[in-house]
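Taking it in order: structure first as C-alpha coordinates, then the write-up.
In what follows, residues are counted from 1 in the order of the sequence shown. When a ligand or atom number is given, it counts from 1 through the structure's own listing order. Values in this document were obtained by computation on a predicted structure and should not be read as measured data.
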Amino acid sequence: MCEKVLYEELTPGEFRSRLANAPIAYLPLGTLEWHGEHLPLGSDGIQSQGFFVELAQQVGGIVLPMLFLGPDRADTVQEEFYGMDLYGFPAGRPQQLAGSAYWVSDDLFKQILRAILKQLKRARFRIVVAHGHGPSTRLFQDHIEEWSELFGLELFTCWREDESDGLGIQTDHAAANEVSLMMALRPELVQMENLSQDPEQWRSGGRQLPRWKWSPVSLRPVSIP
Ligand SMILES: [Zn+2]
(Lines give C-alpha, C1' and ligand atoms only; values in the text may rest on other atoms or scores of the structure.)
Protein backbone atom coordinates (compact mmCIF):
# COMPACT_ATOMS: atom_id res chain seq x y z
CA MET A 1 0.00 0.00 0.00
CA CYS A 2 1.18 3.51 -0.79
CA GLU A 3 2.03 5.71 2.17
CA LYS A 4 -0.24 8.62 2.91
CA VAL A 5 1.62 11.81 2.04
CA LEU A 6 -1.08 14.44 1.57
CA TYR A 7 -1.01 16.93 4.44
CA GLU A 8 -4.79 17.19 4.68
CA GLU A 9 -5.20 13.42 5.09
CA LEU A 10 -2.76 12.96 7.98
CA THR A 11 -3.73 12.57 11.61
CA PRO A 12 -1.51 14.43 14.13
CA GLY A 13 0.29 11.16 14.94
CA GLU A 14 0.99 10.45 11.27
CA PHE A 15 2.11 14.06 10.84
CA ARG A 16 4.54 13.82 13.77
CA SER A 17 5.99 10.59 12.47
CA ARG A 18 6.44 11.80 8.88
CA LEU A 19 7.92 15.09 10.11
CA ALA A 20 10.39 13.24 12.35
CA ASN A 21 11.50 11.08 9.41
CA ALA A 22 11.85 13.93 6.90
CA PRO A 23 10.88 17.52 7.78
CA ILE A 24 10.14 18.39 4.14
CA ALA A 25 7.04 20.22 2.86
CA TYR A 26 6.21 20.14 -0.86
CA LEU A 27 4.16 23.04 -2.20
CA PRO A 28 2.53 22.50 -5.63
CA LEU A 29 2.29 25.88 -7.37
CA GLY A 30 -0.80 25.43 -9.51
CA THR A 31 -3.23 27.55 -11.49
CA LEU A 32 -6.70 27.26 -12.95
CA GLU A 33 -5.54 28.11 -16.42
CA TRP A 34 -6.28 27.31 -20.04
CA HIS A 35 -3.84 24.63 -21.16
CA GLY A 36 -4.98 24.14 -24.74
CA GLU A 37 -8.16 22.24 -25.54
CA HIS A 38 -6.54 18.92 -24.66
CA LEU A 39 -5.42 19.37 -21.03
CA PRO A 40 -7.39 20.12 -17.85
CA LEU A 41 -7.43 23.60 -16.35
CA GLY A 42 -5.61 22.49 -13.21
CA SER A 43 -2.71 20.94 -15.16
CA ASP A 44 0.03 22.88 -13.36
CA GLY A 45 -1.02 21.85 -9.86
CA ILE A 46 -1.86 18.29 -10.92
CA GLN A 47 1.64 17.82 -12.36
CA SER A 48 3.45 19.34 -9.38
CA GLN A 49 1.35 17.50 -6.86
CA GLY A 50 1.70 14.20 -8.75
CA PHE A 51 5.47 14.56 -8.87
CA PHE A 52 5.67 15.56 -5.19
CA VAL A 53 3.49 12.62 -4.11
CA GLU A 54 5.91 10.21 -5.80
CA LEU A 55 8.86 12.03 -4.29
CA ALA A 56 7.35 12.02 -0.79
CA GLN A 57 6.63 8.31 -1.04
CA GLN A 58 10.24 7.64 -2.01
CA VAL A 59 12.20 10.03 0.21
CA GLY A 60 9.67 11.19 2.80
CA GLY A 61 8.02 14.53 3.47
CA ILE A 62 4.48 15.88 3.29
CA VAL A 63 2.64 17.30 0.25
CA LEU A 64 0.63 20.48 0.75
CA PRO A 65 -2.64 21.19 -1.08
CA MET A 66 -2.04 22.82 -4.44
CA LEU A 67 -2.27 26.60 -4.75
CA PHE A 68 -4.44 27.78 -7.61
CA LEU A 69 -3.63 31.50 -7.38
CA GLY A 70 -0.45 32.74 -9.02
CA PRO A 71 1.20 35.71 -10.73
CA ASP A 72 1.70 36.10 -14.46
CA ARG A 73 2.30 38.68 -17.12
CA ALA A 74 -0.64 41.08 -17.14
CA ASP A 75 -1.75 43.79 -19.52
CA THR A 76 -4.80 45.91 -20.13
CA VAL A 77 -5.91 46.18 -23.74
CA GLN A 78 -9.35 47.67 -23.06
CA GLU A 79 -9.90 44.76 -20.67
CA GLU A 80 -7.54 42.80 -18.45
CA PHE A 81 -5.50 39.97 -19.93
CA TYR A 82 -3.18 37.58 -18.14
CA GLY A 83 -0.49 35.10 -19.14
CA MET A 84 -1.45 33.02 -22.15
CA ASP A 85 -4.35 35.43 -22.95
CA LEU A 86 -1.67 37.74 -24.31
CA TYR A 87 -0.08 35.29 -26.72
CA GLY A 88 -2.76 35.55 -29.32
CA PHE A 89 -4.15 32.03 -29.46
CA PRO A 90 -6.12 31.28 -31.52
CA ALA A 91 -7.39 34.59 -32.87
CA GLY A 92 -4.03 36.36 -33.32
CA ARG A 93 -4.94 38.99 -30.72
CA PRO A 94 -5.20 39.02 -26.92
CA GLN A 95 -8.35 37.33 -25.68
CA GLN A 96 -9.66 35.88 -22.47
CA LEU A 97 -9.05 32.13 -22.63
CA ALA A 98 -11.75 29.82 -21.30
CA GLY A 99 -11.34 28.68 -17.74
CA SER A 100 -8.43 30.84 -16.63
CA ALA A 101 -9.05 32.17 -13.11
CA TYR A 102 -5.85 32.37 -11.11
CA TRP A 103 -4.13 35.71 -11.46
CA VAL A 104 -2.88 37.70 -8.48
CA SER A 105 -0.25 40.43 -8.42
CA ASP A 106 3.37 39.62 -7.59
CA ASP A 107 2.99 41.52 -4.32
CA LEU A 108 -0.06 39.59 -3.21
CA PHE A 109 1.54 36.29 -4.20
CA LYS A 110 4.65 37.16 -2.20
CA GLN A 111 2.45 37.85 0.83
CA ILE A 112 0.69 34.51 0.36
CA LEU A 113 4.01 32.63 0.09
CA ARG A 114 5.47 34.41 3.11
CA ALA A 115 2.37 33.54 5.15
CA ILE A 116 2.65 29.89 4.11
CA LEU A 117 6.38 29.74 4.93
CA LYS A 118 5.76 31.29 8.34
CA GLN A 119 3.15 28.63 9.10
CA LEU A 120 5.37 25.80 7.82
CA LYS A 121 8.27 27.00 9.97
CA ARG A 122 5.93 27.12 12.97
CA ALA A 123 4.74 23.58 12.18
CA ARG A 124 8.46 22.57 12.43
CA PHE A 125 9.29 21.84 8.81
CA ARG A 126 12.90 22.54 7.87
CA ILE A 127 12.82 22.19 4.07
CA VAL A 128 10.24 23.53 1.61
CA VAL A 129 10.19 22.56 -2.08
CA ALA A 130 7.86 24.60 -4.31
CA HIS A 131 7.35 24.07 -8.01
CA GLY A 132 4.78 24.37 -10.79
CA HIS A 133 3.38 27.31 -12.78
CA GLY A 134 6.34 29.14 -14.35
CA PRO A 135 5.83 32.68 -13.00
CA SER A 136 4.99 31.35 -9.50
CA THR A 137 8.10 29.17 -9.47
CA ARG A 138 10.24 32.05 -10.72
CA LEU A 139 8.99 34.37 -7.98
CA PHE A 140 9.70 31.72 -5.34
CA GLN A 141 13.13 31.03 -6.84
CA ASP A 142 13.99 34.75 -6.87
CA HIS A 143 13.31 35.01 -3.12
CA ILE A 144 15.02 31.84 -1.94
CA GLU A 145 17.95 33.64 -0.37
CA GLU A 146 15.85 36.31 1.32
CA TRP A 147 13.18 33.94 2.63
CA SER A 148 15.65 31.23 3.70
CA GLU A 149 17.20 33.79 6.00
CA LEU A 150 13.90 35.31 7.11
CA PHE A 151 12.25 32.01 8.04
CA GLY A 152 15.25 29.77 8.78
CA LEU A 153 14.15 27.23 6.16
CA GLU A 154 15.96 25.46 3.33
CA LEU A 155 14.07 26.38 0.16
CA PHE A 156 14.15 24.76 -3.26
CA THR A 157 12.41 24.65 -6.62
CA CYS A 158 12.99 21.91 -9.21
CA TRP A 159 14.97 24.34 -11.35
CA ARG A 160 18.71 24.63 -11.27
CA GLU A 161 20.76 27.76 -10.71
CA ASP A 162 22.33 27.32 -14.14
CA GLU A 163 18.98 28.03 -15.84
CA SER A 164 18.84 24.58 -17.37
CA ASP A 165 15.57 22.71 -17.17
CA GLY A 166 16.62 21.19 -13.86
CA LEU A 167 14.50 18.12 -13.30
CA GLY A 168 12.59 18.82 -16.53
CA ILE A 169 9.23 19.31 -14.88
CA GLN A 170 6.81 21.73 -16.52
CA THR A 171 9.19 23.28 -19.00
CA ASP A 172 6.59 24.34 -21.57
CA HIS A 173 2.93 25.32 -21.70
CA ALA A 174 0.52 22.57 -22.73
CA ALA A 175 3.11 21.14 -25.10
CA ALA A 176 5.24 17.98 -25.23
CA ASN A 177 6.57 18.24 -21.67
CA GLU A 178 3.33 19.03 -19.87
CA VAL A 179 1.32 16.59 -21.98
CA SER A 180 3.83 13.82 -21.24
CA LEU A 181 3.64 14.49 -17.50
CA MET A 182 -0.15 14.58 -17.55
CA MET A 183 -0.26 11.35 -19.55
CA ALA A 184 2.04 9.71 -17.00
CA LEU A 185 0.14 10.99 -13.96
CA ARG A 186 -3.52 11.30 -15.02
CA PRO A 187 -3.95 9.85 -18.53
CA GLU A 188 -7.73 9.86 -18.17
CA LEU A 189 -7.67 13.69 -18.06
CA VAL A 190 -5.80 14.16 -21.37
CA GLN A 191 -7.93 14.53 -24.51
CA MET A 192 -5.54 14.52 -27.44
CA GLU A 193 -8.48 14.09 -29.80
CA ASN A 194 -9.32 17.76 -29.11
CA LEU A 195 -6.20 18.79 -31.03
CA SER A 196 -6.29 19.21 -34.77
CA GLN A 197 -4.76 16.42 -36.85
CA ASP A 198 -2.51 19.09 -38.32
CA PRO A 199 0.31 20.02 -35.87
CA GLU A 200 0.61 23.38 -37.67
CA GLN A 201 -2.69 24.27 -36.04
CA TRP A 202 -1.42 23.53 -32.54
CA ARG A 203 -0.17 27.04 -31.97
CA SER A 204 -0.41 28.15 -28.40
CA GLY A 205 2.05 30.94 -28.88
CA GLY A 206 4.75 32.05 -26.52
CA ARG A 207 8.07 33.68 -26.29
CA GLN A 208 11.25 32.18 -25.00
CA LEU A 209 11.35 32.86 -21.29
CA PRO A 210 14.39 32.52 -19.07
CA ARG A 211 14.57 28.98 -17.69
CA TRP A 212 11.77 27.87 -20.00
CA LYS A 213 11.95 26.04 -23.27
CA TRP A 214 8.99 25.92 -25.55
CA SER A 215 8.57 22.68 -27.37
CA PRO A 216 9.58 23.22 -31.00
CA VAL A 217 6.78 20.87 -32.05
CA SER A 218 3.74 22.45 -30.57
CA LEU A 219 4.53 25.99 -29.57
CA ARG A 220 5.60 28.72 -31.89
CA PRO A 221 5.66 32.46 -31.35
CA VAL A 222 2.57 34.38 -32.40
CA SER A 223 2.90 38.10 -32.98
CA ILE A 224 0.31 40.28 -31.33
CA PRO A 225 -0.74 43.21 -33.51
ZN1 LIG B 1 1.30 24.54 -17.23
Side-chain angles (χ1 to χ4, degrees), residues 26-55 63-74 81-90 94-104 106 109 112-113 129-142 156-160 163-192 194-195 199 202-222:
Y26 303 99
L27 178 60
L29 302 174
T31 51
L32 293 175
E33 180 189 12
W34 181 89
H35 270 73
E37 298 296 319
H38 54 305
L39 292 182
L41 299 162
S43 283
D44 282 353
I46 291 170
Q47 290 165 82
S48 323
Q49 193 182 49
F51 171 70
F52 286 150
V53 163
E54 297 225 0
L55 196 58
V63 182
L64 288 151
M66 62 178 81
L67 293 187
F68 77 89
L69 296 173
D72 212 328
R73 192 180 160 206
F81 294 110
Y82 308 114
M84 297 305 293
D85 290 348
L86 289 156
Y87 292 117
F89 176 89
Q95 60 168 353
Q96 186 179 337
L97 291 163
S100 291
Y102 66 95
W103 187 86
V104 292
D106 283 14
F109 195 62
I112 293 170
L113 288 176
V129 187
H131 195 79
H133 176 59
S136 306
T137 310
R138 184 170 312 108
L139 192 146
F140 189 89
Q141 173 97 3
D142 288 345
F156 300 93
T157 67
C158 300
W159 279 332
R160 281 197 202 138
E163 305 209 346
S164 71
D165 282 348
L167 298 176
I169 299 159
Q170 293 165 272
T171 54
D172 60 25
H173 184 86
N177 181 266
E178 285 201 304
V179 170
S180 304
L181 288 162
M182 286 301 297
M183 282 180 146
L185 293 163
R186 298 293 303 274
E188 76 282 13
L189 300 181
V190 180
Q191 297 180 5
M192 293 302 279
N194 292 353
L195 288 177
W202 290 4
R203 303 194 307 177
S204 304
R207 66 200 161 92
Q208 187 87 16
L209 296 171
R211 301 193 189 102
W212 284 41
K213 266 197 208 122
W214 298 113
S215 156
V217 177
S218 56
L219 287 173
R220 57 200 75 238
V222 174

Check: Are D85 and D72 close enough, and set up right, to give a side chain to side chain contact (heavy atoms under 4.5 Å, CB included), and what steps lead you there?
Finding: CA-CA 10 Å; D85 290 348; D72 212 328; over 6 Å; no

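Checked by atom type and distance alone, the side chain of H131 pairs as donor or acceptor with a backbone atom of C158 at under 3.5 Å. A side-chain donor-acceptor contact under 3.5 Å links Q170 to the backbone of D44.
Any protein N/O/S atom under 2.8 Å from the Zn ion (ligand 1) was counted, giving 4 altogether.
Here the rule is side chain to side chain contact (heavy atoms under 4.5 Å, CB included) with V129, and of F140, F52, F51 only F52 fits it.
Residues P40 and I46 form a side-chain contact, since some pair of their non-hydrogen atoms from C-beta on lies under 4.5 Å apart.
Using a 30° and 60° split on the angle between ring planes, W103 and Y82 fall in the parallel class, below 30°.
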